[in-house]
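Only one structure is covered here, and it is reproduced in the block below.
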Amino acid sequence: MRLWSETPEEDVQIAAAVRGILSPGESPCGILRSTLAGAQERTSDAWLQLGELGFLGINVPEAHGGSELGLRATMPLLVEAGRALLPVPVAETVAVAVPLLSAYGSPEQQEAWHESIARGEAVIAIAAFAPGRPTVRDELPLVAGRGGGSIVLNGVCDFVPYGATADALLVLAQDEAGGVRIVVLPCDTAGLGFHELTSVDSTSRVVRATFDVVEVPLEATVAADEKCLEFVLEHMWAALGMLMVGAAQRIVEMAVEQATTRTQFGHPIGMYQAVKHRVVDMWLASENLLSLVAYCAHGLATGSADASRVAWAARAYGGTELVRIASENIQLHGAMGFTEELDCHLYLKRSWTWANYWATPLACRSNMARTLRDEAHVGLW
Amino acid sequence: MSAIDQERDPFLEAFLTPADDEFRAELRGWLAAHLADHDPSRAPSSPGGTPEEDRFLREWQGVLHRDRWVGVGWPVEYGGRGASLLQEVIYERELAKAGAPPVLNAVGVNLVGPSLIAFGTAEQRARFLPTILSAEEVWCQGFSEPNAGSDLAAVTTKAVRNEGGWKISGTKIWTSFAHIARRCCLIARTSSGGSKHQGLTVFLADMEQPAITVSPIAALDGRQKLNEVYLDGAFASDADVLGEVDAGWSAVIRMLSQERVNVARLAFALPAQVRELIELRERLGEDDGLALPIVDYEIRTRAALLTYYRHLESQAAGEKVGAIGSADKLLCTELTKVMHEHAMKVTAEAGALWVNDGHRRHHDEYLTSFSKTIYGGTSEIQRNIVAERVLGLPADPKGPPRVATRGGSA
């Protein structure tokens, strides 16, 4: 089973088609650069095109115009989006919102959101983090109070990627009973404010979302269940891994291209082992990441005993390795690698966001270390 | 520590057919029956230890052979089971999980035998195959020479025409098991004048002749495995040529490509190593600082195995594997080495660097681990292979070096 996929031939076709839309030129970062320069059109157009061709409905139920394939089937789309460093909350929309609504949402909610997501008309961001680190801690920063037939949200959420250009927010809030309540609301709901945050990653439009007595109907609740946070985490991690695979593969491509075409002293620099071997090590890292991520998606879908442990492993590995190979890539490009003209810096900067969003590499490893005795063996011995 | 999960290899499940399941079940049953009293920590983990250990391994191969559990990938007519590539991998996986002792005649079973089957003569097959499987005739591989290691085609051992055959003279080095081998599969130069890859021939030589002397090499791990082999006019008949005369280089390439599961053993040894590190840390006091590296090794082990299976699938689909196998070998050997080193660190932290019996094995295996990234193609060569054949990077500069000038720089 190619890369643990149920649809290996379709994967190849989807990837090629998506690449044609997102990365038509030599540099896959054309759409990103256009957004960074202030123009949203290329991004919106590309997203609509993806919708028209059905790629945003891969895991949307057939009843709502999708293909109803699972999480693993979204991999070609996410890998290509990662390659292009697409400035859209792809993971949040496709890999979290859609399945969350399918698993927990009411028929009305699915009706309201599935089709427009599939058509490329609705993009969803997620608000979950207290100011500081973009990871879920014990207490969520948003409080969901009840007032009559409504929910009232108060608080501040940091680190909402693309919150300002999204159509809706999936909000993880702490409800009065102490549990998690996930709510979906349009971004133009009264009381919602967005303020841009600056970061080393200038490629992600990350905002602070302020909730000042934001009132939403009770029916805006998607889930209020013990398991829903875990559901979000699992799906988010799997999707982040896929984005990182796309980026990693592009980084290796750039490194190979550089080593093959840059000549000095009469020879391509890749002729020398010092350069050649570093490129191989970058490739090995991207191969390993691909294996972990593909298997993780498959394992989650099939309920494999080792899926969770592999998800942690993929998250930890991807986090450190992507930053590392993005750094190596700059070094291999010499002085040009230090410029904004080449794409190297874009991948480096985005890699910090992906590495630390929803979990940090150290936190993952520490957690895996704590559970060595109970979990390390699963699927291995 | 949980009991060993015999039932599932989740990442393998996606690839298995019902026939594979049956094969696996039969093998598990056989291993359970024949290894019931076996303690892996007390048995030799590789050949080339003491004479007693080698005797034990020879017997073990005999036990496997009796029930046709050695050479499973060989065709049935030659004593094998006609196992598919995946079944050969299952075989390695199950033996690793059961902590089974290694196969003594690995060179014969995995390298020479399959080559004879693929492109040897009928007479060679009849003469050599049965005794390979029974371990009655142990084989060694005479390839490397003092001046021809990574650059194997630079061999200078010469074979000169003699009545009915050839007289071979030269020195081979790093010849594993030459001290117990009956036969040697070696490369020698039979003609010169072309490029260094032309004019080589592979011979199936009889080690029991006075013209061949074996001299043990003292390796840093204290194991008696490596030897120098001196050939002083050693005789090989025309019937002992494997493939064509002067076409030895392509015979070598074919030989090396016949070995389908050479990385499997390396890959499947990794989980047990991770487990040992966890147990070692628990035994010696649960220092937090020692846990995080183990997590890293667990992650890399999972990655290496998953990558190995992915590559295996391409191989099973008939894609050419050579270069991808280099990637797997690289990942697995470097990982095993760094894990052995970690075991050393742990024992050193616990004040067990000066040996007490409980940690002797860790020290020994750590020392042996240095050979893993050297034999079978060094890590540097493997990286070159991946770079050039997978990534399309330019080959190393060949030819005479530019002379560097000493002293004074810009």
Side-chain angles (χ1 to χ4, degrees), chain A residues 1-5 252 255-256 259-260 267-273 275-281 283-285 287-292 294-296 298-299 302 304-307 309-310 312-314 316-317 320 362 364-381, chain B residues 1-5 8-11 13-15 96-97 270-272 274-275 277-278 281-282 288 290-296 298-311 313-314 317 324 326-327 330-331 379-380 382-388 390-397:
Chain A
M1 202 194 281
R2 290 235 146 227
L3 273 180
W4 295 281
S5 168
V252 171
V256 168
T260 314
H267 295 287
I269 63 172
M271 188 175 74
Y272 303 103
Q273 287 188 6
V275 171
K276 187 185 305 191
H277 288 189
R278 279 170 92 159
V279 176
V280 167
D281 286 342
W283 178 78
L284 287 171
E287 278 287 282
N288 274 342
L289 185 61
L290 175 62
S291 304
L292 288 166
Y295 181 73
C296 169
H298 163 79
T302 56
S304 175
D306 58 352
R309 192 71 178 178
V310 173
W312 285 91
Y317 188 83
T320 34
L362 183 58
C364 283
R365 284 185 168 83
S366 297
N367 193 64
M368 290 177 78
R370 257 194 306 278
T371 51
L372 264 181
R373 172 194 284 266
D374 295 326
E375 307 282 326
H377 69 284
V378 180
L380 278 188
W381 68 82
Chain B
M1 204 94 266
S2 302
I4 293 174
D5 180 1
R8 303 192 56 208
D9 272 322
F11 38 78
E13 297 303 313
F15 301 115
K97 280 162 84 165
L270 297 172
V274 176
R275 182 174 74 219
L277 288 179
I278 295 174
R281 176 182 163 256
E282 286 180 3
D288 282 341
L290 295 173
L292 284 176
I294 299 177
V295 167
D296 239 1
E298 183 208 329
I299 292 171
R300 286 167 65 178
T301 294
R302 290 184 183 277
L305 283 169
L306 290 171
T307 296
Y308 173 67
Y309 283 121
R310 270 206 304 116
H311 293 163
E313 202 197 6
S314 311
I324 289 286
S326 287
L330 197 47
L331 285 172
S379 291
E380 287 68 30
Q382 305 297 356
R383 280 189 168 83
N384 271 12
I385 291 171
V386 171
E388 290 159 29
V390 178
L391 302 179
L393 291 172
D396 281 356

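Note on naming: letters A, B, ... go to the chains in the order of the sequence lines (proteins, then strands), and numbering restarts at 1 for each one.
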Worked verdict on R275(B) versus L380(A) for side chain to side chain contact (heavy atoms under 4.5 Å, CB included): CA-CA 9 Å; R275(B) 182 174 74 219; L380(A) 278 188; over 6 Å; no

For the atom pair [atom1] ([X]) and [atom2] ([Y]), what is the distance rounded to the nearest 0.5 Å?
X: H298(A); Y: L306(B); atom1: NE2; atom2: CG; answer: 10.0 Å
X: L330(B); Y: D281(A); atom1: CG; atom2: CG; answer: 7.0 Å
X: R2(A); Y: S314(B); atom1: CZ; atom2: OG; answer: 4.5 Å
X: D296(B); Y: M368(A); atom1: CG; atom2: CE; answer: 9.0 Å

For A316(A), all residues meeting side chain to side chain contact (heavy atoms under 4.5 Å, CB included), sequence neighbours excluded: C364(A), R365(A), I299(B)

Measuring heavy-atom distances to chain A, does [X] have an atom under 4.5 Å in its side chain, in its backbone, in both, or in neither?
X: L331(B); result: side chain
X: A395(B); result: backbone
X: A96(B); result: neither

G270(A) to L393(B) - nearest heavy-atom pair and separation: O-CB, 4.5 Å

If you count heavy-atom pairs within less than 4.5 Å of chain A, which of [options] leads?
options: S379(B), A303(B), A291(B), A327(B); value: A303(B)
options: Q382(B), E298(B), R300(B), E380(B); value: E298(B)
options: V386(B), I294(B), N384(B); value: N384(B)

Any donor-acceptor N/O pair, K276(A) side chain to E388(B) backbone, under 3.5 Å: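 No, K276(A) side chain to E388(B) backbone: no donor-acceptor pair under 3.5 Å.
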
Are the side chains of [Y] and [X] in contact, using a 4.5 Å heavy-atom criterion?
X: L292(B); Y: L362(A); answer: yes
X: I278(B); Y: H377(A); answer: no
X: R383(B); Y: Q273(A); answer: no
X: H267(A); Y: P397(B); answer: no

Derivation and outcome, side chain to side chain contact (heavy atoms under 4.5 Å, CB included), residues R310(B) and W4(A): CA-CA 9 Å; R310(B) 270 206 304 116; W4(A) 295 281; 3.6 Å; yes

Derivation and outcome, side chain to side chain contact (heavy atoms under 4.5 Å, CB included), residues R302(B) and D306(A): CA-CA 10 Å; R302(B) 290 184 183 277; D306(A) 58 352; 4.1 Å; yes

Interchain contact, L284(A) with chain B, by part (heavy-atom threshold 4.5 Å): side chain

Candidate pair V274(B) and W381(A), rule side chain to side chain contact (heavy atoms under 4.5 Å, CB included), full reasoning: CA-CA 10 Å; V274(B) 176; W381(A) 68 82; 4.0 Å; yes

Winner by heavy-atom pair count (cut-off under 4.5 Å) against chain B, out of G299(A), A376(A), S291(A):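 Option with the greatest count: S291(A).
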
